[in-house]
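See structure below.
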2 protein chains.
Amino acid sequence: MVLPVRKNKSPNTPHECPLSQCMAILGGAWTPNVLWYLSGGPRRFSELQIDIPPVSAKVLTTRLRDLESKGVVSRNVKPTSPPSVEYALTDLGQELIPVIEAIVEVGHKIKLRTE
Amino acid sequence: MVLPVRKNKSPNTPHECPLSQCMAILGGAWTPNVLWYLSGGPRRFSELQIDIPPVSAKVLTTRLRDLESKGVVSRNVKPTSPPSVEYALTDLGQELIPVIEAIVEVGHKIKLRTE
DNA sequence: CTGTATCCTGTAGGATACTG
DNA sequence: CAGTATCCTACAGGATACAG
């Protein structure tokens, strides 16, 4: 995404420009998908990889760590052998589900118009 | 954002992975901001530039054209001199407002936790 | 005023190989 | 299984200059 690093500009008029929030949460590629699949209940790393085939392990890890640090997703390591790690939405994460659904909704309508 | 162009992979299992919708709509940088400021009513190009100082003219144009092609934003050229162009949300675009607000909401909560 | 055209750069993300 | 480590590239977006 790259973004908000303008060089020769006055520091943003603060009054209200709170929308970087949006990309801060959903910004990464595949992030919405991760959230979506986790909304169906806890998933293990490998399960998510199967759910979202085109995502690389590296990116999936990155996104999960990212969401974890934001308190949107929880990570639970089960000390089995072989180890298994379960990811789940936190309460905060749950709140994002209707949001994503709404976006998908609008997305559908857009597709219908375009076709 | 770059994205979804995996090379050596089976073409996505179609069953459900509808979330690219999400980024397809809100994906571009500043897109949420554009939508946000338009939610307050129609705005002219230059007004949007002032609303969102760190955005370059090029990107603003790109995002607006993008949103226009999706039917989310309307573009109205007034044949005055100097010319003025008014952008506004379409009905479809209106539907995105609560979505964005919800994201901002969650964004706030995340910030509170982080601090 | 409302853009386009160019050129350039940073960084997200892919591929692949390897580890506990 | 669940990742890390490297390396590499495509493309979104910034800067600047110019046009109708």
Side-chain angles (χ1 to χ4, degrees), chain A residues 1-12 20 22-34 38 42-69 73-88, chain B residues 1-12 20 23-34 42-69 73-88:
Chain A
M1 185 124 298
V2 185
L3 322 221
V5 193
R6 257 275 196 84
K7 284 165 194 168
N8 311 325
K9 264 283 183 172
S10 59
N12 209 335
S20 305
C22 184
M23 301 320 294
I25 302 173
L26 303 177
W30 307 114
T31 302
N33 283 282
V34 171
L38 285 181
R43 302 290 278 169
R44 297 176 50 188
F45 187 87
S46 54
E47 291 179 314
L48 287 172
Q49 275 194 297
I50 295 168
D51 289 335
I52 318 169
V55 77
S56 62
K58 179 187 138 190
V59 172
L60 183 52
T61 304
T62 308
R63 297 275 69 82
L64 286 168
R65 292 277 187 284
D66 219 63
L67 292 168
E68 196 194 348
S69 78
V73 156
S74 65
R75 179 170 181 269
N76 192 297
V77 183
K78 297 187 173 179
T80 56
S81 179
S84 89
V85 182
E86 202 168 79
Y87 293 92
Chain B
M1 185 126 297
V2 184
L3 316 223
V5 192
R6 258 279 197 78
K7 283 166 193 169
N8 311 324
K9 265 282 183 171
S10 58
N12 209 334
S20 307
M23 301 319 294
I25 302 173
L26 302 178
W30 308 114
T31 303
N33 282 284
V34 172
R43 302 289 278 169
R44 297 177 49 190
F45 187 87
S46 54
E47 290 178 315
L48 287 172
Q49 276 193 295
I50 293 167
D51 288 336
I52 318 169
V55 76
S56 61
K58 179 187 138 191
V59 171
L60 183 54
T61 305
T62 308
R63 297 276 68 86
L64 286 169
R65 291 276 186 282
D66 219 63
L67 292 168
E68 195 194 348
S69 78
V73 156
S74 65
R75 178 171 182 268
N76 192 298
V77 184
K78 298 187 173 179
T80 56
S81 180
S84 88
V85 181
E86 202 167 80
Y87 292 92

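Just so we're on the same page: letters track the sequence lines, and every chain starts at 1.
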Kindly point out which of [options] is positioned nearest to the side chain of [X]?
{"X": "B/R63", "options": "D/dG13, D/dA2, D/dG3", "value": "D/dG13"}
{"X": "A/T61", "options": "D/dG13, D/dG3, C/dT2", "value": "D/dG3"}
{"X": "A/S56", "options": "D/dT4, C/dG14, D/dG14", "value": "C/dG14"}
{"X": "B/R44", "options": "C/dG14, C/dC1, D/dT4", "value": "C/dC1"}
{"X": "B/P83", "options": "C/dG14, D/dG3, D/dG20", "value": "D/dG20"}
{"X": "A/F45", "options": "C/dT4, C/dC1, D/dG3", "value": "D/dG3"}
{"X": "A/S84", "options": "D/dT4, D/dA2, C/dT2", "value": "D/dA2"}

Query raised in the report: Can a side chain N or O of A/Y87 be found less than 4.0 Å away from OP1 or OP2 on D/dC1?
Result: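 Negative; the distance criterion is not met.
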Requested in this report: Can you tell me the distance, in whole Å, between the CG atom of A/D66 and the C1' atom of D/dG3?
Outcome: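 The answer, rounded to whole Å, is 16 Å.
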Requested in this report: May I have the distance from A/L60 (atom CG) to C/dA12 (atom C1'), rounded to whole angstrom?
Outcome: 15 Å
Report task. Begin with the C-alpha distance, continue with both residues' side-chain angles, and end with the deciding distance and a verdict on side chain to side chain contact (heavy atoms under 4.5 Å, CB included) for B/V73 and B/R75. Result -> CA-CA 7 Å; B/V73 156; B/R75 178 171 182 268; 5.7 Å; no
**Report entry** Test salt bridge (charged side-chain N to carboxylate O under 4.0 Å, His left out) applied to B/E86 - qualifying residues, sequence neighbours left out
**Finding:** B/K78
Report task. Begin from the C-alpha positions of A/L60 and A/F45 and carry the test side chain to side chain contact (heavy atoms under 4.5 Å, CB included) through to its verdict. Result -> CA-CA 8 Å; A/L60 183 52; A/F45 187 87; 3.9 Å; yes
Requested in this report: Establish whether the base of C/dG14 is bridged to the side chain of A/K58 by a donor-acceptor pair shorter than 3.5 Å.
Outcome: yes
Query - Net bend of the helix from C/dC1-D/dG20 to C/dG20-D/dC1, end axes of five pairs each, nearest 10 degrees - result: 60°
Query raised in the report: Going from CG on A/N33 to CG on A/L38, what distance comes out if it is rounded to the nearest 0.5 angstrom?
Result: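 It comes to 10.5 Å.
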